[in-house]
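To keep things clear, I will list the structure first and then write my remarks on it.
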2 protein chains.
Amino acid sequence: MGLTPYKIAGLLKQRGYRMTLQRRAVLDAIARTEEYLSPASIYEKVARKNPGIGLVTVYRTLEILADLGLLCKVHTGGNCRGYLMSRPSEHHHHVVCSGCGRVVDFTDCVLDELEKKLSRGTGFKLENHLLEFVGRCPDCQKPSPVPVAAQQ
Amino acid sequence: MGLTPYKIAGLLKQRGYRMTLQRRAVLDAIARTEEYLSPASIYEKVARKNPGIGLVTVYRTLEILADLGLLCKVHTGGNCRGYLMSRPSEHHHHVVCSGCGRVVDFTDCVLDELEKKLSRGTGFKLENHLLEFVGRCPDCQKPSPVPVAAQQ
DNA sequence: CTTGTAATTGAAAACATATTTCATTTACAG
DNA sequence: CTGTAAATGAAATATGTTTTCAATTACAAG
């Protein structure tokens, strides 16, 4: 499986960033979570164990992690600002649970053929794409779902 | 082609909504535009011809239009709050220009097979998906691009 | 063409979210 | 240890969206 918080610590240092208690806490919170999280919920999670940490620090840490390519964004959940630790570092997409926010990755992206066709058809020079599936995870399909965590 | 502002006026009435000058203006602004627009840029566009209109009214109108399924959202542009008049009413996706925001629709969505596979593989009951391509439209590929309009 | 009324509007305030500023603290190289 | 550049937190600011409420308006019914 992917990057442990420990490995990431090294990565940060390599890039000239320092490893602080606060960054460690943010990393831990995201890494140990299967759902995507909003900045506010990351802050909440982190502040529970580290009272005194500033929301600003969470935002700044998120910016750095995103910059290093360690975070994925989830759009299909409400506010388009859901963050998630990047599991596979190669090209991948997400299946997101509309109940609990849990995210599963998949790497078999079948869009190459369509992309070529669209490029020919529209004249666009395609650079990127966004693909997410939304549905109910097995747990949330049960009568009394036991969600990983209530997602706003 | 799709829905004219005129037809939409009828649709609004059918649903118990009234047709006001302000809603008309918002509809016109969106319908005559090829790019996706943010609430703020819609307001700006509308206010140019209708000074005195409130930004609140734009938000409320957008909510109604979205509720009626007449608007599409664009995520790939900066803020995930880009709105666009829904052209084909059937299932479709977008190709978005990263230069000018122009949007082209396509209806051949090739995700059925992948969806089935993912559903089997993950146990998720899939409900929906989000697919957008981003690239440069022919105009914006030119040395001195002549974008439809500068996007925020 | 009136008239009554419920829907709609705009201004201001409230709320939510995100970023900047700056003095203080801290990680860590030397 | 120590010096210093990086990082932090509080407060202020900025940006985006929603709520509240009195005044206005669309339009159905007479």
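Below, chain A is the first sequence line, B the second, and so on; all start at residue 1. In this text the structure is predicted, and so the values were computed from the model without any measurement.
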> Given dA7(C), is OP1 or OP2 found less than 4.0 Å from the side-chain N or O atoms of Thr20(B)?
Replying inline: no

> Can you give the first and last nucleotides of DNA chain D, 5' to 3', that have an atom under 4.0 Å from a heavy atom of chain B?
Replying inline: dG16(D) to dC27(D)

> Could you state the OH-C1' distance from Tyr59(B) to dA11(C), rounded to the nearest angstrom?
Replying inline: 16 Å

> Does Gln22(B) make a side-chain N or O approach to OP1 or OP2 of dG10(C) shorter than 4.0 Å?
Replying inline: yes

> Taking the side chain from Ser38(B) and the backbone from Gly82(B), do they hold a donor-acceptor pair closer than 3.5 Å?
Replying inline: no

> At what distance, to the nearest 0.5 angstrom, does NZ of Lys117(B) lie from CG of Leu111(B)?
Replying inline: 12.5 Å

>> Rounding to an integer number of Å, can you tell me how far Leu21(A) CG sits from dT26(C) P?
In response: 10 Å

> Does Val46(A) share a hydrophobic cluster with Leu27(A), counting links as ILVMFWY side-chain heavy atoms below 4.5 Å and allowing steps through other members?
Replying inline: yes

> Should the heavy atoms of other residues, nucleotides or ligands under 6.0 Å from CD of Glu63(B) be counted, would the total exceed 12?
Replying inline: no

> Counting side-chain heavy atoms from C-beta on, which of dT9(C), dA18(C), dA7(C) comes nearest to Pro39(A)?
Replying inline: dA18(C)

>> In whole Å, I'd like the distance from the CE atom of Met19(A) to the P atom of dA29(C).
In response: 13 Å

> DNA chain D: Lys13(B) or Arg81(B), which has the more 5' nearest nucleotide?
Replying inline: Arg81(B)

> Glu63(B) has an atom CD; how far is it from atom P of dT9(C), in whole Å?
Replying inline: 12 Å

> Quick one: is dT9(C) close enough that its OP1 or OP2 comes under 4.0 Å of any side-chain N or O from Arg23(B)?
Replying inline: yes

> So if you build clusters from Ile, Leu, Val, Met, Phe, Trp, Tyr with side-chain heavy-atom gaps below 4.5 Å, do Tyr36(B) and Leu131(B) land together?
Replying inline: no

> How close or far is atom C1' of dT8(C) from atom CZ of Arg15(B), stated in whole angstroms?
Replying inline: 19 Å

> When we call it a touch if two heavy atoms are under 4.0 Å apart, what does Ile53(A) touch: a base, just sugar-phosphate, or nothing?
Replying inline: sugar-phosphate

> Between Glu132(B) (side chain) and His75(B) (backbone), is there a donor-acceptor pair under 3.5 Å?
Replying inline: yes

> Do the rings of His93(B) and Phe106(B) sit parallel, tilted or perpendicular, given the 30° and 60° boundaries?
Replying inline: tilted

Under 3.5 Å, N/O pairs linking protein and nucleotides 21-23 of chain C:
none

>> Nearest whole Å is fine: how far is dA7(C) P from Ile64(B) CD1?
In response: 12 Å

>> Could you tell me how far apart Asn50(B) (CG) and dT9(C) (C1') are, to the nearest whole angstrom?
In response: 13 Å

>> Test your reading of the model: is there a side-chain donor-acceptor pair from Gln141(B) to the backbone of Gly123(A), 3.5 Å cut-off?
In response: yes

>> Please report the distance, rounded to the nearest Å, between CG in Leu55(B) and C1' in dA12(C).
In response: 13 Å

> If only atom types and distance count, is the side chain of Arg23(A) paired as donor or acceptor with the main-chain N or O of Arg18(A) below 3.5 Å?
Replying inline: yes

